[in-house]
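Nothing fancy with the numbering, it's 1 onward along the sequence.
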Amino acid sequence: MRLLSAVLVSSLLLAGCNSGSEQAENNDKSSGSSPVTPPTGQPTPPVTPPVVDVPELDPNVEPITNGSWYRPAPLTTWQWQLSGTVNTSYNVDIYNIDLFDSSTDLIQGLQQSGKKVICYFSAGSYEDWRPDAKEFKESDLGNNLDGWPGERWLDIRSKNVISIMTKRLELAKEKGCDGVELDNMDGYTNSTGINLTNTDQLAYNRAVANTAHQLSLSIGLKNDLDQILELVDYYDFAINESCTEYNECHLLNPFIQNGKAVLNAEYLNKYVNDEAARNEMCTQSKQMQFSTLVLPLALDDSFRISCL
(Lines give C-alpha, C1' and ligand atoms only; values in the text may rest on other atoms or scores of the structure.)
Protein backbone atom coordinates (compact mmCIF):
# COMPACT_ATOMS: atom_id res chain seq x y z
CA MET A 1 0.00 0.00 0.00
CA ARG A 2 1.22 3.49 -0.81
CA LEU A 3 2.57 5.41 2.18
CA LEU A 4 1.53 8.99 2.65
CA SER A 5 4.25 11.55 3.18
CA ALA A 6 4.69 15.27 3.01
CA VAL A 7 7.57 17.64 3.09
CA LEU A 8 6.79 20.56 5.42
CA VAL A 9 8.15 23.58 3.64
CA SER A 10 7.60 27.32 2.39
CA SER A 11 10.00 30.14 1.09
CA LEU A 12 13.81 30.15 1.05
CA LEU A 13 15.83 32.73 3.03
CA LEU A 14 19.47 33.68 2.47
CA ALA A 15 22.36 33.54 4.92
CA GLY A 16 26.12 33.22 4.82
CA CYS A 17 28.12 30.05 5.24
CA ASN A 18 29.72 29.65 8.65
CA SER A 19 32.11 26.73 8.23
CA GLY A 20 35.75 27.09 9.29
CA SER A 21 38.84 25.96 7.47
CA GLU A 22 39.35 22.96 9.74
CA GLN A 23 35.83 21.74 9.04
CA ALA A 24 36.29 22.29 5.33
CA GLU A 25 39.38 20.09 5.49
CA ASN A 26 37.33 17.34 7.12
CA ASN A 27 34.57 17.65 4.57
CA ASP A 28 37.10 17.47 1.74
CA LYS A 29 38.46 14.27 3.29
CA SER A 30 35.20 12.42 3.67
CA SER A 31 32.48 14.84 2.49
CA GLY A 32 30.21 12.77 4.71
CA SER A 33 30.39 10.11 2.04
CA SER A 34 31.05 6.45 2.69
CA PRO A 35 32.15 4.09 -0.08
CA VAL A 36 29.32 2.06 -1.54
CA THR A 37 29.57 -0.59 -4.20
CA PRO A 38 27.07 -0.78 -7.06
CA PRO A 39 24.03 -3.03 -6.52
CA THR A 40 24.79 -6.75 -6.49
CA GLY A 41 21.61 -7.92 -8.18
CA GLN A 42 19.41 -8.11 -5.11
CA PRO A 43 15.80 -7.22 -6.04
CA THR A 44 14.62 -3.76 -5.03
CA PRO A 45 10.94 -2.79 -4.84
CA PRO A 46 9.94 -0.13 -7.39
CA VAL A 47 10.11 3.45 -6.16
CA THR A 48 6.72 5.12 -6.59
CA PRO A 49 6.09 8.86 -6.65
CA PRO A 50 4.90 10.79 -3.59
CA VAL A 51 1.15 11.24 -3.41
CA VAL A 52 1.49 14.91 -2.44
CA ASP A 53 3.00 17.83 -4.27
CA VAL A 54 6.47 18.81 -3.11
CA PRO A 55 6.39 22.41 -1.90
CA GLU A 56 9.24 24.86 -1.29
CA LEU A 57 11.72 24.74 1.57
CA ASP A 58 11.41 26.68 4.80
CA PRO A 59 14.43 26.97 7.14
CA ASN A 60 12.11 28.04 9.96
CA VAL A 61 9.84 24.99 9.93
CA GLU A 62 9.26 23.56 13.41
CA PRO A 63 10.49 20.04 14.19
CA ILE A 64 8.10 17.10 14.35
CA THR A 65 8.82 15.54 17.73
CA ASN A 66 5.70 13.58 18.66
CA GLY A 67 5.72 10.01 17.43
CA SER A 68 6.68 6.42 18.16
CA TRP A 69 9.80 6.06 16.00
CA TYR A 70 13.07 4.60 17.28
CA ARG A 71 15.27 6.92 19.37
CA PRO A 72 18.68 5.37 20.14
CA ALA A 73 20.28 6.44 23.42
CA PRO A 74 23.96 7.21 24.11
CA LEU A 75 26.28 4.16 24.20
CA THR A 76 24.03 2.20 21.84
CA THR A 77 26.06 -0.51 20.08
CA TRP A 78 26.10 -0.69 16.30
CA GLN A 79 27.57 -2.18 13.13
CA TRP A 80 28.11 -0.23 9.91
CA GLN A 81 28.51 -2.19 6.66
CA LEU A 82 27.72 -0.69 3.26
CA SER A 83 29.48 -3.10 0.88
CA GLY A 84 29.88 -6.84 0.55
CA THR A 85 27.63 -9.54 1.98
CA VAL A 86 26.32 -8.25 5.28
CA ASN A 87 27.71 -10.11 8.30
CA THR A 88 24.66 -10.58 10.52
CA SER A 89 26.47 -12.22 13.44
CA TYR A 90 27.32 -9.17 15.57
CA ASN A 91 25.55 -8.81 18.91
CA VAL A 92 24.66 -5.12 18.59
CA ASP A 93 21.64 -2.88 18.93
CA ILE A 94 21.77 -1.32 15.43
CA TYR A 95 22.76 -2.45 11.95
CA ASN A 96 23.42 0.38 9.49
CA ILE A 97 23.17 -1.01 5.93
CA ASP A 98 22.51 0.22 2.39
CA LEU A 99 18.88 0.97 1.52
CA PHE A 100 19.00 -0.15 -2.10
CA ASP A 101 21.34 -3.14 -1.79
CA SER A 102 19.60 -4.68 1.25
CA SER A 103 16.64 -6.97 0.71
CA THR A 104 13.49 -6.87 2.79
CA ASP A 105 14.33 -10.40 3.95
CA LEU A 106 17.70 -9.21 5.29
CA ILE A 107 16.10 -6.29 7.10
CA GLN A 108 13.39 -8.46 8.63
CA GLY A 109 15.89 -11.15 9.61
CA LEU A 110 18.00 -8.62 11.52
CA GLN A 111 14.92 -7.27 13.25
CA GLN A 112 13.75 -10.74 14.20
CA SER A 113 17.08 -11.24 15.94
CA GLY A 114 16.39 -8.16 18.07
CA LYS A 115 18.29 -5.53 16.09
CA LYS A 116 17.15 -2.17 14.76
CA VAL A 117 17.96 -1.45 11.11
CA ILE A 118 19.10 1.95 9.85
CA CYS A 119 19.06 2.23 6.05
CA TYR A 120 21.70 4.32 4.30
CA PHE A 121 21.30 6.45 1.19
CA SER A 122 22.85 9.65 -0.06
CA ALA A 123 20.48 12.61 0.04
CA GLY A 124 23.08 15.17 -1.02
CA SER A 125 24.72 13.46 -3.98
CA TYR A 126 23.76 11.75 -7.22
CA GLU A 127 25.10 8.21 -7.69
CA ASP A 128 24.96 6.97 -11.26
CA TRP A 129 24.44 3.31 -10.32
CA ARG A 130 21.29 3.74 -8.26
CA PRO A 131 18.00 2.41 -9.70
CA ASP A 132 16.40 5.86 -9.61
CA ALA A 133 19.38 7.68 -11.18
CA LYS A 134 17.44 8.46 -14.36
CA GLU A 135 14.92 10.48 -12.38
CA PHE A 136 17.46 13.26 -11.77
CA LYS A 137 17.68 16.12 -14.24
CA GLU A 138 20.99 17.49 -15.50
CA SER A 139 20.06 20.81 -13.85
CA ASP A 140 19.94 18.98 -10.50
CA LEU A 141 23.62 18.00 -10.72
CA GLY A 142 26.74 19.88 -9.65
CA ASN A 143 30.43 19.04 -9.46
CA ASN A 144 31.86 15.56 -9.06
CA LEU A 145 32.68 14.45 -5.52
CA ASP A 146 36.45 14.19 -5.24
CA GLY A 147 37.50 10.58 -4.83
CA TRP A 148 34.04 9.12 -5.41
CA PRO A 149 33.58 7.98 -9.04
CA GLY A 150 30.04 8.25 -10.34
CA GLU A 151 28.93 10.79 -7.70
CA ARG A 152 27.98 14.43 -8.20
CA TRP A 153 26.67 17.01 -5.76
CA LEU A 154 22.96 17.76 -5.88
CA ASP A 155 21.09 21.04 -5.96
CA ILE A 156 19.12 20.45 -2.77
CA ARG A 157 16.89 23.44 -3.61
CA SER A 158 15.40 21.52 -6.55
CA LYS A 159 11.82 20.33 -6.19
CA ASN A 160 12.75 17.30 -8.28
CA VAL A 161 15.56 16.38 -5.87
CA ILE A 162 13.25 16.79 -2.88
CA SER A 163 10.64 14.62 -4.61
CA ILE A 164 13.19 11.85 -5.26
CA MET A 165 14.38 11.93 -1.64
CA THR A 166 10.79 11.74 -0.44
CA LYS A 167 10.36 8.61 -2.54
CA ARG A 168 13.53 7.15 -1.04
CA LEU A 169 12.22 7.76 2.46
CA GLU A 170 8.99 6.04 1.47
CA LEU A 171 11.02 3.11 0.11
CA ALA A 172 12.79 2.85 3.48
CA LYS A 173 9.40 2.66 5.15
CA GLU A 174 8.11 0.10 2.64
CA LYS A 175 11.15 -2.13 3.17
CA GLY A 176 10.67 -2.02 6.94
CA CYS A 177 13.70 0.06 8.00
CA ASP A 178 13.54 1.44 11.54
CA GLY A 179 15.38 4.58 10.49
CA VAL A 180 17.62 6.20 7.91
CA GLU A 181 21.10 7.64 7.54
CA LEU A 182 21.23 10.38 4.90
CA ASP A 183 24.71 11.03 3.54
CA ASN A 184 26.35 14.17 2.13
CA MET A 185 24.16 16.56 4.11
CA ASP A 186 26.81 19.30 4.18
CA GLY A 187 27.12 20.31 0.54
CA TYR A 188 27.12 23.98 1.47
CA THR A 189 30.64 23.57 2.94
CA ASN A 190 32.00 21.90 -0.21
CA SER A 191 32.82 22.92 -3.79
CA THR A 192 29.52 21.77 -5.26
CA GLY A 193 29.39 24.14 -8.24
CA ILE A 194 25.90 25.11 -7.08
CA ASN A 195 26.59 27.95 -4.62
CA LEU A 196 24.52 26.54 -1.77
CA THR A 197 24.18 28.64 1.38
CA ASN A 198 23.99 27.48 4.97
CA THR A 199 20.30 28.47 4.94
CA ASP A 200 19.70 26.26 1.90
CA GLN A 201 21.25 23.36 3.78
CA LEU A 202 19.37 24.08 7.00
CA ALA A 203 16.03 24.19 5.19
CA TYR A 204 16.74 20.94 3.35
CA ASN A 205 18.06 19.07 6.38
CA ARG A 206 15.06 20.09 8.44
CA ALA A 207 12.60 19.18 5.67
CA VAL A 208 13.90 15.64 5.17
CA ALA A 209 14.00 15.05 8.94
CA ASN A 210 10.36 16.06 9.28
CA THR A 211 9.40 13.88 6.33
CA ALA A 212 11.14 10.89 7.92
CA HIS A 213 9.25 11.51 11.14
CA GLN A 214 5.94 11.72 9.27
CA LEU A 215 6.73 8.19 8.15
CA SER A 216 7.67 7.18 11.74
CA LEU A 217 11.29 6.67 10.70
CA SER A 218 14.18 7.53 12.97
CA ILE A 219 16.76 9.76 11.27
CA GLY A 220 20.44 10.43 11.94
CA LEU A 221 22.37 13.60 11.16
CA LYS A 222 25.47 12.75 9.13
CA ASN A 223 28.43 15.05 9.89
CA ASP A 224 27.34 18.72 9.23
CA LEU A 225 28.98 19.75 12.49
CA ASP A 226 28.49 23.48 11.92
CA GLN A 227 24.68 23.17 12.11
CA ILE A 228 24.32 20.75 15.01
CA LEU A 229 22.83 23.32 17.40
CA GLU A 230 20.25 24.22 14.76
CA LEU A 231 19.41 20.60 13.89
CA VAL A 232 19.69 18.58 17.10
CA ASP A 233 15.96 18.98 17.83
CA TYR A 234 15.09 17.61 14.37
CA TYR A 235 17.30 14.50 14.43
CA ASP A 236 17.24 11.41 16.64
CA PHE A 237 20.96 10.55 16.62
CA ALA A 238 24.20 11.59 14.94
CA ILE A 239 26.56 9.65 12.69
CA ASN A 240 30.07 11.04 12.41
CA GLU A 241 33.31 10.08 10.75
CA SER A 242 36.74 10.75 12.27
CA CYS A 243 35.81 13.27 14.96
CA THR A 244 38.76 12.08 17.06
CA GLU A 245 41.18 12.40 14.15
CA TYR A 246 40.07 15.99 13.53
CA ASN A 247 39.59 16.95 17.20
CA GLU A 248 35.90 17.71 16.63
CA CYS A 249 34.10 15.29 18.95
CA HIS A 250 33.14 18.07 21.37
CA LEU A 251 30.93 19.57 18.67
CA LEU A 252 28.66 16.51 18.92
CA ASN A 253 27.98 16.96 22.65
CA PRO A 254 24.52 18.50 22.08
CA PHE A 255 23.24 15.10 20.96
CA ILE A 256 24.51 13.42 24.13
CA GLN A 257 23.14 16.24 26.26
CA ASN A 258 19.73 15.59 24.71
CA GLY A 259 19.91 11.84 25.37
CA LYS A 260 20.62 10.98 21.73
CA ALA A 261 23.25 8.53 20.46
CA VAL A 262 26.42 9.59 18.67
CA LEU A 263 27.60 6.81 16.34
CA ASN A 264 31.21 7.51 15.39
CA ALA A 265 33.64 5.76 13.03
CA GLU A 266 37.43 6.19 13.00
CA TYR A 267 39.63 5.04 10.12
CA LEU A 268 43.26 5.76 11.08
CA ASN A 269 45.65 2.81 10.84
CA LYS A 270 47.10 3.62 14.25
CA TYR A 271 43.78 2.75 15.87
CA VAL A 272 44.04 -0.68 14.24
CA ASN A 273 47.72 -1.40 14.83
CA ASP A 274 48.67 0.63 17.93
CA GLU A 275 46.90 -0.72 21.01
CA ALA A 276 47.97 2.22 23.20
CA ALA A 277 46.64 4.78 20.72
CA ARG A 278 43.42 2.84 20.32
CA ASN A 279 42.90 2.50 24.07
CA GLU A 280 43.44 6.23 24.56
CA MET A 281 40.93 7.03 21.85
CA CYS A 282 38.39 4.55 23.18
CA THR A 283 38.74 5.82 26.75
CA GLN A 284 37.98 9.34 25.56
CA SER A 285 35.08 8.08 23.45
CA LYS A 286 33.46 6.20 26.33
CA GLN A 287 33.86 9.19 28.64
CA MET A 288 31.92 11.22 26.07
CA GLN A 289 29.32 8.39 25.81
CA PHE A 290 30.00 7.93 22.09
CA SER A 291 29.52 4.64 20.25
CA THR A 292 32.82 4.45 18.39
CA LEU A 293 33.97 1.84 15.90
CA VAL A 294 37.33 1.48 14.15
CA LEU A 295 36.46 0.40 10.61
CA PRO A 296 37.90 0.03 7.11
CA LEU A 297 37.15 3.00 4.87
CA ALA A 298 35.38 0.64 2.47
CA LEU A 299 32.92 -0.34 5.24
CA ASP A 300 33.12 -3.90 3.98
CA ASP A 301 33.51 -5.77 7.32
CA SER A 302 37.11 -6.72 6.56
CA PHE A 303 37.72 -5.79 10.19
CA ARG A 304 35.80 -4.22 13.05
CA ILE A 305 36.97 -2.92 16.44
CA SER A 306 34.43 -1.55 18.90
CA CYS A 307 35.22 0.74 21.82
CA LEU A 308 32.15 -0.58 23.68
Test item: [X] and [Y] side chains (from C-beta on) under 4.5 Å apart, heavy atoms:
X	Y	value
Asp155	Ser139	no
Cys307	Arg278	no
Ile194	Leu154	no
Pro74	Phe290	no
Arg304	Leu293	yes
Asp93	Lys116	no
Ile107	Ile97	yes
Asn198	Gln201	no

Which pair of heavy atoms, one from Asp200 and one from Ile156, lies closest together, and at what distance?
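For Asp200 and Ile156, the tightest heavy-atom pair comes out as O-CD1, 3.8 Å.
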Would you name the heavy atoms of Leu202 and Glu230 that are closest together and state the gap between them?
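Between these two residues, the closest heavy atoms are CD1-CB, 3.7 Å.
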Do the side chains of Val262 and Val294 join up, straight or via other hydrophobic residues, at under 4.5 Å, putting them in one cluster?
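Looking at the clustering, Val294 is in a separate group from Val262.
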Answer with yes or no whether the hydrophobic clustering places Val272 together with Met281; edges join I, L, V, M, F, W, Y residues whose side-chain heavy atoms lie under 4.5 Å apart.
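In one cluster with Val272: Met281, yes.
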Quick check: are there more than 12 heavy atoms from other residues, nucleotides or ligands sitting under 6.0 Å from CG of Asn273?
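Yes, the 6.0 Å shell around CG holds more than 12 heavy atoms from other groups.
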Is there a side chain to side chain contact (heavy atoms under 4.5 Å, CB included) between Met185 and Tyr235 once you walk through the steps?
CA-CA 13 Å; Met185 299 296 280; Tyr235 284 77; 3.9 Å; yes
Got a second to check how far [X]'s [atom1] is from [Y]'s [atom2], nearest 0.5 Å?
X	Y	atom1	atom2	result
Ile118	Leu263	CD1	CG	8.0 Å
Gln289	Lys260	CD	NZ	15.0 Å
Ile228	Asn253	CD1	CG	9.0 Å

[X] side chain to [Y] side chain, donor-acceptor N/O pair below 3.5 angstrom:
X	Y	result
Asp301	Tyr90	yes
Tyr267	Glu241	yes
Asp105	Ser103	no
Ser122	Asn184	yes
Thr192	Asn143	no
Asn190	Trp153	no
Asp224	Tyr188	yes

Has the side chain of [X] got a donor or acceptor atom that lies under 3.5 Å from a matching backbone atom of [Y]?
X	Y	answer
Thr189	Asp186	yes
Asp300	Ser302	yes
Ser218	Gly179	no

State plainly whether the residues Asp132 and Arg130 are in salt-bridge range, i.e. N to O under 4.0 Å.
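Salt bridge flag = no for Arg130 with Asp132.
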Can you list the steps and then say if His213 with Thr65 is a side chain to side chain contact (heavy atoms under 4.5 Å, CB included)?
CA-CA 8 Å; His213 286 160; Thr65 58; over 6 Å; no
Would you please test Ile256 and Met288 for side chain to side chain contact (heavy atoms under 4.5 Å, CB included) and show each step?
CA-CA 8 Å; Ile256 299 298; Met288 298 186 73; 6.0 Å; no
Using side chain to side chain contact (heavy atoms under 4.5 Å, CB included) as the criterion, point out the one residue from Asp98, Leu169, Leu171 that pairs with Phe121.
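Testing Phe121 for a side chain to side chain contact (heavy atoms under 4.5 Å, CB included) against Asp98, Leu169, Leu171 leaves exactly one candidate, Leu169.
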Report the C-alpha separation of Tyr95 and Gln81 in whole Å, then their side-chain angles, then the decisive distance to 0.1 Å, and conclude whether the side chain to side chain contact (heavy atoms under 4.5 Å, CB included) test is met.
CA-CA 8 Å; Tyr95 262 74; Gln81 184 178 349; 5.6 Å; no
